[in-house]
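Read through the structure below, which is laid out as structure tokens, and then see the notes.
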Amino acid sequence: MVNIYKMLKRNEMTTDYETIVLKQIYYFIIARPDAEKKSNYDLIIDFFRAMHEGDSSDFFIESFKVLGSFRDKTHIGFKSSPEFLQMDKFLEWVLNEIKC
């Protein structure tokens, strides 16, 4: 599978294009058959696991923090994130987190 997010990293990214990629990841997560049975916590973990740019063995979870490769960040705390199902708020929050 092609890592779209990694491909984008090679070029100057615009917020619109980043948002499109994040929405694709989001829709991928909510389209899973078991998504409606998962908790907010588990959906957020699944989202970041799909967004992670490295090998799956390099992705870790510590309570409300994910560790991995997310653009230029190696960890993202999500204790104060919006609810996953509030798509626009959640994706705006993710975009801000990866740009910090």
Side-chain angles (χ1 to χ4, degrees):
M1 184 164 98
V2 175
N3 188 328
I4 296 171
Y5 206 77
K6 198 169 200 169
M7 287 172 45
L8 290 176
K9 197 172 169 183
R10 294 183 200 141
N11 304 315
E12 282 297 314
M13 293 191 271
T14 64
T15 301
D16 290 341
Y17 204 67
E18 286 177 320
T19 301
I20 290 168
V21 172
L22 292 177
K23 280 184 180 181
Q24 287 177 333
I25 295 169
Y26 183 90
Y27 291 137
F28 172 72
I29 299 303
I30 62 170
R32 292 179 175 171
D34 63 344
E36 61 186 42
K37 297 175 187 170
K38 290 193 168 194
S39 68
N40 184 62
Y41 179 88
D42 290 332
L43 290 168
I44 291 172
I45 299 263
D46 287 349
F47 179 86
F48 284 114
R49 184 175 281 123
M51 191 178 141
H52 170 64
E53 297 175 339
D55 187 81
S56 62
S57 64
D58 296 330
F59 181 84
F60 302 97
I61 304 158
E62 291 182 359
S63 189
F64 285 89
K65 185 185 342 181
V66 289
L67 296 100
S69 181
F70 313 101
R71 195 172 175 199
D72 294 328
K73 294 197 79 169
T74 57
H75 65 280
I76 297 175
F78 62 90
K79 190 167 187 161
S80 61
S81 74
E83 292 287 318
F84 183 81
L85 295 176
Q86 295 177 334
M87 184 181 82
D88 292 333
K89 288 182 181 180
F90 179 76
L91 293 179
E92 181 180 340
W93 175 81
V94 171
L95 194 58
N96 288 331
E97 286 296 308
I98 63 174
K99 285 188 168 198
C100 293

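The model shown is predicted, which means the values in this text are computed figures rather than measured ones.
Cluster annotation: Met51 and Leu67 are assigned to distinct hydrophobic clusters (Ile/Leu/Val/Met/Phe/Trp/Tyr, side-chain heavy-atom contacts under 4.5 Å, transitive).
Rounded to the nearest 0.5 angstrom, Lys23 NZ and Tyr27 OH are separated by 5.5 Å. If you take NE2 on His52 and OG1 on Thr74, they are separated by 11.0 Å, rounding to the nearest 0.5 Å. The CD1 atom of Ile98 lies 7.0 Å from the CD1 atom of Ile76; values are rounded to the nearest 0.5 Å. Put simply, CG on Asp42 and NZ on Lys37 are 13.5 Å apart, with the number rounded to the nearest 0.5 Å.
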**Message:** Between Phe48 and Phe59, is the side-chain contact (heavy atoms from CB on, under 4.5 Å) condition met? List the steps.
**Reply:** CA-CA 9 Å; Phe48 284 114; Phe59 181 84; 4.2 Å; yes

**Message:** Using side-chain contact (heavy atoms from CB on, under 4.5 Å), reason through Ile30 and Tyr26 one step at a time and then give a plain yes or no.
**Reply:** CA-CA 6 Å; Ile30 62 170; Tyr26 183 90; 3.7 Å; yes

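Closest of all the heavy-atom pairs between Trp93 and Gly77 is CZ2-O, 3.4 Å. Scanning both residues, Gly54 and Ser69, for their nearest heavy atoms gives N-CB, 4.3 Å. Nearest heavy atom pair, residue Pro82 against residue Ile44, reads O-CD1, 4.3 Å.
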Side-chain donor-acceptor distances from residues 84-91 under 3.5 Å, at least two apart:
none

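Every residue two or more places apart in sequence or in another chain that forms a salt bridge (charged side-chain N to carboxylate O under 4.0 Å, His left out) with Lys38 is listed here: Asp34, Asp46. Evaluation of the side chain to side chain contact (heavy atoms under 4.5 Å, CB included) rule for Tyr41 yields Ser39, Ile45, Ile61, Phe64, Phe78 as partners, not counting sequence neighbours.
Proximity of a side-chain donor or acceptor of His75 to a complementary backbone N or O of Val66 within less than 3.5 Å is not detected.
Between Glu18 and Lys99 there is a salt bridge, since at least one side-chain N of the basic residue sits less than 4.0 Å from a carboxylate O of the acidic one.
Judged as a salt bridge (charged side-chain N to carboxylate O under 4.0 Å, His left out), not a single pair has a partner in residues 54-68 (not counting sequence neighbours).
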